[in-house]
K.L.:
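So that we are looking at the same thing, I have put the structure below in structure tokens.
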Amino acid sequence: MELKIYLVSALVSAAIWSLPAAAISLIYGVLRYPNFAIPELMTLGAYLTLLLCGFGVPLWVAGIFSALLTGLVALALDQTVFRFVRRAGMLPPVLLSLGVMLVVQNFVRFVWGNGNLQFPITPMRPVILAGFIISPIQLIIIATGIAILGAIFLSLRFTEFGRAIRATSTNPELAVVTGVQPERVYAAVLFVAGFLSAVGGTVLATETSLNPLLGWRVLIPLFAVAILGGLGSVVGAALAALLVGLASEFSLLILPSSYKTALAFLVLTLVLLVRPSGLIKSGS
Amino acid sequence: MIDYAVSILIFACIYGLVALGLNIQWGLTGLINLGQVAFFAVGAYTFALLSKIGMPFPVGVLVATLTGGGFGAAVAMFTPRLREDYLAIVTLGFSEFVRLILLNEKWLAGGPDGIAGIQRPMTIAGFGSEVSFLIIVVVTLAIAFAFTRRIEGFPIGRTLRAIREDETVVSSVGKVTLAYKTRAFMLGAALAGLGGAFFASYLSYISPDMFGPNVSIYVLAAVLIGRQGSSVATLASTALVALLLEGTRILKDYVTFVDGVELAALRLMLLGIALIAIVAVRYGPRRAV
Amino acid sequence: MKEILEIKCLSRRFGGLQAVNKCEFSVRAHSITGLVGPNGAGKSTLFNLVSGFVRPDSGEIRFAGERIDTLSAHSVARLGLRRTFQIPRELKQMTVLENLLLVPENQFGDRIVSVLSQGKRVREEEGKNLQIARGVLEMVGLSEKATHQAALLSGGQKKLLELARCLMAKPKLLLLDEPTAGVNPTLIRHLMSVLRRVNESGVTLLIIEHNMTVIMELCERVIVMDRGQVIAAGSPSAIQSNKQVLEAYLGGVSA
């Protein structure tokens, strides 16, 4: 019985983490820098959902709108700030993302305060599905994760724009030669990344509660997932999320729960030491 | 007002120690470290724990410095071949890892409540407690400054700068670059540990939430303004950043339309914006490389 | 004649490309040996293998009788086998002198403890090394540029700086990767006379070179590589009339 509970939590964690991790992966694949602001876009997305809920909109509608808004915020930040350091190497955008991290986190703190907030949802009775006890919200989270990742995967694979993104990720010079406009690709990737992060943030807040450290607390798992998934691959991120999710849930058998994140850090370091290219090789 | 000025100066000196450390790692050797706060925290907690068992002030400071350096060497040895982007992720992750340990290990570090009643150094005859603390920290900073200046001017500084420019060349002339990188990282972490000891001693109370990423960003900004490499510029820019950030603490007494949390949030937003502005000026198109 | 460098059955693959394939040859002590071959023949990879920057998949490298194929780059360098790079890797933000002062081994001032010392020993050591560095600069003809930033040197001067950096260590064997590429004809003359003098002082030279005039005038022996293998070796004149060599060059892209 216990094992089944862990399995459900692992699936839920994986569904939540894989979305922002895919965002980190996409940005890394195309723009070649780890973006430390992604967790804060999760926080921002969750709070924007809360704000919209305040107007009496149902949670899922609020979630979609907040994701679109966060996508625009990510896009705007990229165009106003990150665009100036495009050709300056890896470090400047990393430092910028740290700055953005600090600004967004404290903006949220300034507006909504330090306390824990909740979405206006009524807790629902868990259902039993094929012998697993699972709450409807958890079911929705898993379904959302699979649906969105699936959509991203399919559009990367089968649309013209997806091809442009993949081409830029594997070989930027060649992509430009074949008529891809890199700035458009960057813009699209940032919007999608913002969108994914916000959805991740909203579902994470549904599972737990809202506070300004919502995203920051999952920074390490997210990067563990993104690196394990081979930075640049969406499928890799999904599989890695599942692995890290399982590892950290089953670690509860031997470790106190507060060490879930610490364990993710050990996974991250181990992957970097043993197999820095991640489990699944990215395009390059 | 004088009290505020003394307090700002003390914070500036403490962050100056940490920034000098980062300058050895990043400015001189080119090793990016986004988690300098980890070694700062290690130093602070080491000092606090030693203070609890009654160790004298100088012993606590010394052991805190060595422990910080030890942790730095360990991190450097575990991540020898890491590319710049991975080093960025690992150092930032490590700092959060350390904070989580401090938060969770109640038996060791008091958990979320932290450690209180940490000792101050003895007061110097004729001065108040605050001013004597300032004198001691200024003297320490001066020694650390002289030390880093010497490193910069000595052959070892030349080797570290060469590693920053092109590690391949340095190994082609027969030098073990990993050993130098480990030493540079260790020295930088030791200075952060030293800063942490003074931090713990000055506040006499520490808790894990004081060791968030903003301390790392604080010193990153300072080293960045100092154009990475010169410890004179690093110290000057630390003073600038401290004035900007610690200085705005004073506003607490005059600005009444925001509460404490809001003011703290505003100050950290300011730090974030400052970092963004510095990076934009430093690496933006006008200074195209 | 003693062999200073012996290479046996050396192979290295990169992905689908067999860069070096069962390569065998040796270099006589005190000689100037040329290493030629069309682009992509594996010459630079061979240099990377010998200098320890790349590990071989199989085979043996012996330097002065000792196996060095498992050693790391810095250990190989310490044995007295030094190399230059095809594209000069001068330390741009340092002066020419600083580029050279980096080289001497076991400097006391290169250790942290020296920082805590009085500094007298470091000053003496630096003075001594400065003298050596000035001598080396004199030899390669860069004395006037001693205090210039390395980034400001011309392409040819950068090649000289690379050479000087190797000479600082008094090497036994020097691997030179295209020392005259991109250097103007006057400076090539100068460079050749410098190399000859270096050789006369007892340093063995192994030179990758595309400029046949340089090879003909300088080398007593030439090794020809194609597709990762040695296809011929002998005196420059013998090589020039070797049919296999001509085919390799005509078959490949002309350099």
Side-chain angles (χ1 to χ4, degrees), chain A residues 24 28 32-34 36 77 80-111 113-115 212-213 216-217 219-220 223-224 226-227 231 256-266 268-269 271-273 276, chain B residues 26 30 32 34 75 78-90 92-94 96-98 100-101 103-105 111 209 212-214 216-217 220-221 224 258-259 261-289:
Chain A
I24 291 169
Y28 191 92
R32 305 254 167 251
Y33 70 91
F36 295 117
L77 283 171
T80 50
V81 180
F82 289 79
R83 194 172 177 160
F84 289 111
V85 296
R86 279 282 195 262
R87 270 169 207 86
M90 192 279 301
L91 201 56
V94 167
L95 296 172
L96 284 180
S97 77
L98 276 181
V100 170
M101 178 201 97
L102 215 54
V103 171
V104 173
Q105 191 184 101
N106 288 290
F107 171 77
V108 168
R109 185 170 284 133
F110 181 75
V111 176
N114 255 335
L213 291 176
W216 172 255
R217 290 213 174 107
L219 174 95
I220 298 177
F223 273 89
I227 288 172
L231 284 173
S257 70
S258 40
Y259 276 111
K260 268 160 84 170
T261 313
L263 182 90
F265 177 72
L266 295 181
L268 185 153
T269 347
V271 174
L272 285 181
L273 289 180
Chain B
W26 184 34
I32 186 61
L34 303 184
V75 170
F78 270 108
T79 53
R81 280 174 200 83
L82 286 192
R83 298 193 328 233
E84 200 176 34
D85 44 355
Y86 288 159
L87 196 59
I89 297 170
V90 168
L92 186 65
F94 179 70
E96 188 56 10
F97 178 73
V98 166
L100 284 170
I101 303 263
L103 195 62
N104 289 312
E105 296 302 318
D209 58 2
N214 37 343
S216 303
I217 295 176
L220 273 171
L224 251 182
V258 287
D259 63 22
V261 172
E262 287 172 340
L263 187 66
L266 279 178
R267 288 178 49 246
L268 290 175
M269 276 168 81
L270 186 67
L271 175 59
I273 291 167
L275 180 68
I276 292 170
I278 296 159
V279 174
V281 171
R282 180 89 162 68
Y283 296 100
R286 272 167 302 152
R287 308 196 43 91
V289 191

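Letters A, B, ... mirror the listed sequences (proteins, then strands); counts begin at 1. As the structure is a computational prediction, the values presented were derived from the model and not from experiment.
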K.L.:
State which residues pass salt bridge (charged side-chain N to carboxylate O under 4.0 Å, His left out) with A/R86; sequence neighbours excluded, sorted by chain then number.
P.N.:
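Checked A/R86 against salt bridge (charged side-chain N to carboxylate O under 4.0 Å, His left out); matches are A/D78, A/E183.
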
K.L.:
Could you go through the side chain to side chain contact (heavy atoms under 4.5 Å, CB included) check for A/Y28 and A/I227 one step at a time?
P.N.:
CA-CA 10 Å; A/Y28 191 92; A/I227 288 172; over 6 Å; no

K.L.:
Out of B/L100, B/I101, B/L275, B/L268, return the one with the most heavy atom pairs under 4.5 angstrom to chain A.
P.N.:
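Answer, by heavy-atom pair count under 4.5 Å with chain A: B/L268.
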
K.L.:
Could you look at A/V104 and say if it's the side chain, the backbone, both or neither that has a heavy atom under 4.5 Å from chain B?
P.N.:
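Neither part, no heavy atoms under 4.5 Å.
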
K.L.:
Is the CZ atom of A/F107 crowded by more than 12 outside heavy atoms at less than 6.0 Å?
P.N.:
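No - once you tally the heavy atoms of other residues, nucleotides and ligands closer than 6.0 Å, there are 12 at most.
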
K.L.:
Non-hydrogen atoms of chain B under 4.5 Å away: do they reach the side chain of A/P92, the backbone, both or neither?
P.N.:
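Backbone plus side chain of A/P92, per the 4.5 Å heavy-atom cut-off to chain B.
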
K.L.:
Please state whether the side chain, the backbone, both or neither of A/F223 comes within less than 4.5 Å of a heavy atom of chain B.
P.N.:
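The side chain, not the backbone.
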
K.L.:
Between B/I273 and chain A, which part of the residue has a heavy atom less than 4.5 Å away: side chain, backbone, both or neither?
P.N.:
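Looking at B/I273, backbone and side chain both touch chain A.
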
K.L.:
Measure across B/V261 and A/R109 and return the closest heavy-atom pair with its distance rounded to 0.1 Å.
P.N.:
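In this case the closest contact between B/V261 and A/R109 is CG1-CG, 3.9 Å.
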
K.L.:
Look up atom CG in A/L213 and atom CG in A/L219, then write down how far apart they are to the nearest 0.5 Å.
P.N.:
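A/L213 CG to A/L219 CG: 11.5 Å, rounded to 0.5 Å.
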
K.L.:
Pick one of side chain, backbone, both or neither for B/I32, based on which atoms fall under 4.5 Å of a heavy atom in chain A.
P.N.:
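For B/I32, the side chain is the part near chain A, not the backbone.
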
K.L.:
Side chain, backbone, both or neither: which part of B/L220 has a heavy atom under 4.5 Å from chain A?
P.N.:
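The answer is the side chain of B/L220.
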
K.L.:
Could you measure the distance from the CG atom of A/L96 to the CD1 atom of B/I278? Nearest 0.5 Å is fine.
P.N.:
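The distance works out to 10.5 Å.
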
K.L.:
Side chain from CB out, backbone as N, CA, C, O: work out which of these in A/F82 comes under 4.5 Å of a heavy atom of chain B, or both, or neither.
P.N.:
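Contact with chain B is absent: no heavy atom of A/F82 under 4.5 Å.
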
K.L.:
If I measure from the heavy atoms of chain B, does A/Y33 come under 4.5 Å with its side chain, its backbone, both, or neither?
P.N.:
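It is neither, since no heavy atom gets under 4.5 Å.
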
K.L.:
Should A/V94 and B/D85 count as side-chain neighbours, where that means a heavy-atom distance under 4.5 Å?
P.N.:
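Of all side-chain heavy-atom pairs linking B/D85 with A/V94, none is under 4.5 Å.
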
K.L.:
Measure distances from B/L92 to the heavy atoms of chain A and classify the residue's part below 4.5 Å as side chain, backbone, both or neither.
P.N.:
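Only the side chain of B/L92 comes within 4.5 Å of chain A.
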
K.L.:
At a 4.5 Å cut-off on heavy atoms, which part of A/L98 comes close to chain B: side chain, backbone, both, or neither?
P.N.:
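Looking at A/L98, backbone and side chain both touch chain B.
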
K.L.:
Checking heavy atoms, do the side chain of A/L95, its backbone, both or neither come under 4.5 Å from chain B?
P.N.:
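For A/L95, backbone and side chain are both near chain B.
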
K.L.:
List in chain and number order the residues that pass salt bridge (charged side-chain N to carboxylate O under 4.0 Å, His left out) with B/E96, two or more places apart in sequence or in another chain; answer none if no residue qualifies.
P.N.:
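Salt bridge (charged side-chain N to carboxylate O under 4.0 Å, His left out) list for B/E96, sorted by chain: B/R99.
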
